[in-house]
Participant: 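Input: one structure, supplied below.
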Amino acid sequence: MALENSVFPSCPDSLSLPVEEKVEGEEVEVATEATASTGVFNLLGELGHVITTETAPSLPPLAKVNRSFQAKLAEREAQANEPRKKTQGTEKERGRFGWVRTRRKRQRYVEKNGRCNVQHGNMRETYRFLTDIFTTLVDLNWRCSLFVFVMAYAGTWLFFGAIWYLIAYCRGDLDHLEDETWTPCVNNVNGFISAFLFSIETETTIGYGHRVITDQCPVGTMLLLLQAILGSMVNAFMVGCMFVKISQPNKRAETLVFSKHAVISLRDDKLCLMFRVGDLRSSHIVGANMRAKLIKSKQTQEGEFIPLDQTDISVGFETGDDRLFLVSPLVISHEIDVHSPFWDMSQAQLEKEDFEIVVILEGMVEATGMTCQARSSYLAEEVLWGHRFSPMMSLAEGFFDIDYGAFHHTFEVVSPSCSARELSLAAARLDAHLYWSISSRLDEEPTLTNQAAKQPDSGSANSKGGEPTFIVGEMTDIQEQTGLGELNGSVATDQSESEA
């Protein structure tokens, strides 16, 4: 049993000896806290741990006990010098980028194969399923569907077979089997087995010709009409259910694949969330449309908690990029802008977030014309920051070759670790700095009048004599009007000559 803070009336001799230990050049003397009067010895205070004993063990040698005691004291000294860390109840692990995070498993809302992980319970109005019995039968699994299919036919055959046997028994046909002058309701019906076989022949319209209804039985004629009509209805209903179940486009979604991870990286100098989708079949999905939802719990300003709140993630609805021509694998991109729910999310915050991205691909199957939907999801741990999808298309001789071996492969690229908001603010500050720096440089250039005033006297004398003055790199108002400002070296003449 485990003894914690145990108090013993006496102290073993091996533990009552004082121990001397040198720590960083200083001599530390450690003695037991047992008092001489009572002989009380606190094991937890001295050893700092819980002692577990099953039986009364024999005392080990003195040297070994002293070394163990010294190790415990050294450990206590080291723990006293270091700040204590709070113990966590949950296990911690290192993230992909080195941050320590609490490891916890999130329950998926939508599985990777597209199955919605939701179960409906405590439903009291189960009768509503019977109002739409056709959809209920189609939604059953194959085992239940085959059982219902077999029982529907076997039940009707047994039911009408029992009625045919009851008619023969009530009319006395079974008592006149050897009487050739007796006209039975159904010829050659001599028991329940023969009546059951006649029911099968009637409903399936086999008609072997051995058992035939006669015209001396009006009740049998009415029953024959009723069984033919009900048999056709059962046949149409059950065959229709099986046909719809077989032709369901759910299995078509198995050949629509999504990448295992989503990535965040720069595209056209903007952070984008991207994932890849592809179609393995040669027959295409007509009118393919892509949608994405962010599943994350939130709390409103009024204090209302909304579990699994759904937020739209734009994948090109405004520009029409959500309508796909899915002939080859495509990378679906979501630009993280002001309206994006990831606008304030940085690389460090991504490691702490708890959300799920559900992607939905809808379209019409080209072979059957039925609508198909494929779904998948990405948890926060499945979103790779600073990655990009590897190219998988190459130009072969006369066609484009798609290598699906690289469908899920990504590689790291240089990407900023800040959020899209911080990246946008940094770009705005850079543009403003460039604008004002260019404006200040233009203001610092000398004007034409200042340069003309600094010309030597000879230049001024020449200008008085009517000779033109050549100034390189400047421009006058007259030259701007005449269109000569495009020249790097311009000519400035006297205003009197220009007016003349």
Participant: Do the non-hydrogen side-chain atoms of K296 and E353 ever get within less than 4.5 Å of each other?
Facilitator: yes
Participant: Closest heavy-atom contact between V338 and W343?
Facilitator: N-CE3, 3.6 Å
Participant: Can you list the steps and then say if I332 with V359 is a side chain to side chain contact (heavy atoms under 4.5 Å, CB included)?
Facilitator: CA-CA 10 Å; I332 310 301; V359 292; over 6 Å; no
Participant: Which heavy-atom pair separates P391 from A406 by the least distance, and what is that distance?
Facilitator: O-CB, 4.3 Å
Participant: Determine whether the side chains of Q227 and S199 contain a donor N or O and an acceptor N or O closer than 3.5 Å.
Facilitator: yes
Participant: Could you check whether the rings of F275 and F258 sit parallel, tilted or perpendicular, using 30° and 60° as the cut-offs?
Facilitator: tilted
Participant: Where do S417 and Q347 come nearest, in terms of heavy atoms and distance?
Facilitator: CB-OE1, 2.8 Å
Participant: Would you call R108 and E382 a salt bridge, using N to O less than 4.0 angstrom?
Facilitator: yes
Participant: CZ/R421 to CG/D337 distance, rounded to the nearest 0.5 angstrom?
Facilitator: 11.5 Å
Participant: Ignoring hydrogens and geometry, is there a side-chain-to-backbone donor-acceptor pair from T410 to F389 under 3.5 Å?
Facilitator: no
Participant: Does K293 come within less than 4.0 Å of D309, counting only side-chain N to carboxylate O?
Facilitator: no
Participant: Return yes if some donor-acceptor pair links the side-chain N/O of D403 with the main-chain N/O of G405 below 3.5 Å, else return no.
Facilitator: yes
Participant: Ring centres under 6.0 Å, that's the criterion: do F342 and F355 meet it?
Facilitator: yes
Participant: Donor-acceptor pair, E356 side chain versus V110 backbone, under 3.5 Å?
Facilitator: yes
Participant: Does the side chain of S283 come under 3.5 Å of the side chain of E366 through a donor N or O and an acceptor N or O?
Facilitator: no
Participant: Would you sort out whether D279 and R252 count as a salt bridge (charged side-chain N to carboxylate O under 4.0 Å, His left out), showing the intermediate values?
Facilitator: CA-CA 10 Å; D279 188 4; R252 178 64 176 89; 3.0 Å; yes
Participant: Considering all heavy atoms of both residues, which atom of H334 and which atom of P341 are nearest to each other, and what is their separation?
Facilitator: NE2-CD, 4.4 Å
Participant: Where does the angle between the aromatic ring planes of W157 and Y153 fall among parallel (under 30°), tilted (30 to 60°) and perpendicular (over 60°)?
Facilitator: tilted
Participant: Could you walk me through whether V383 and W385 pass the side chain to side chain contact (heavy atoms under 4.5 Å, CB included) test, one step at a time?
Facilitator: CA-CA 6 Å; V383 179; W385 190 289; over 6 Å; no
Participant: Consider only side-chain N and O atoms of E203 and T156, and report whether a donor and an acceptor are under 3.5 Å apart.
Facilitator: yes
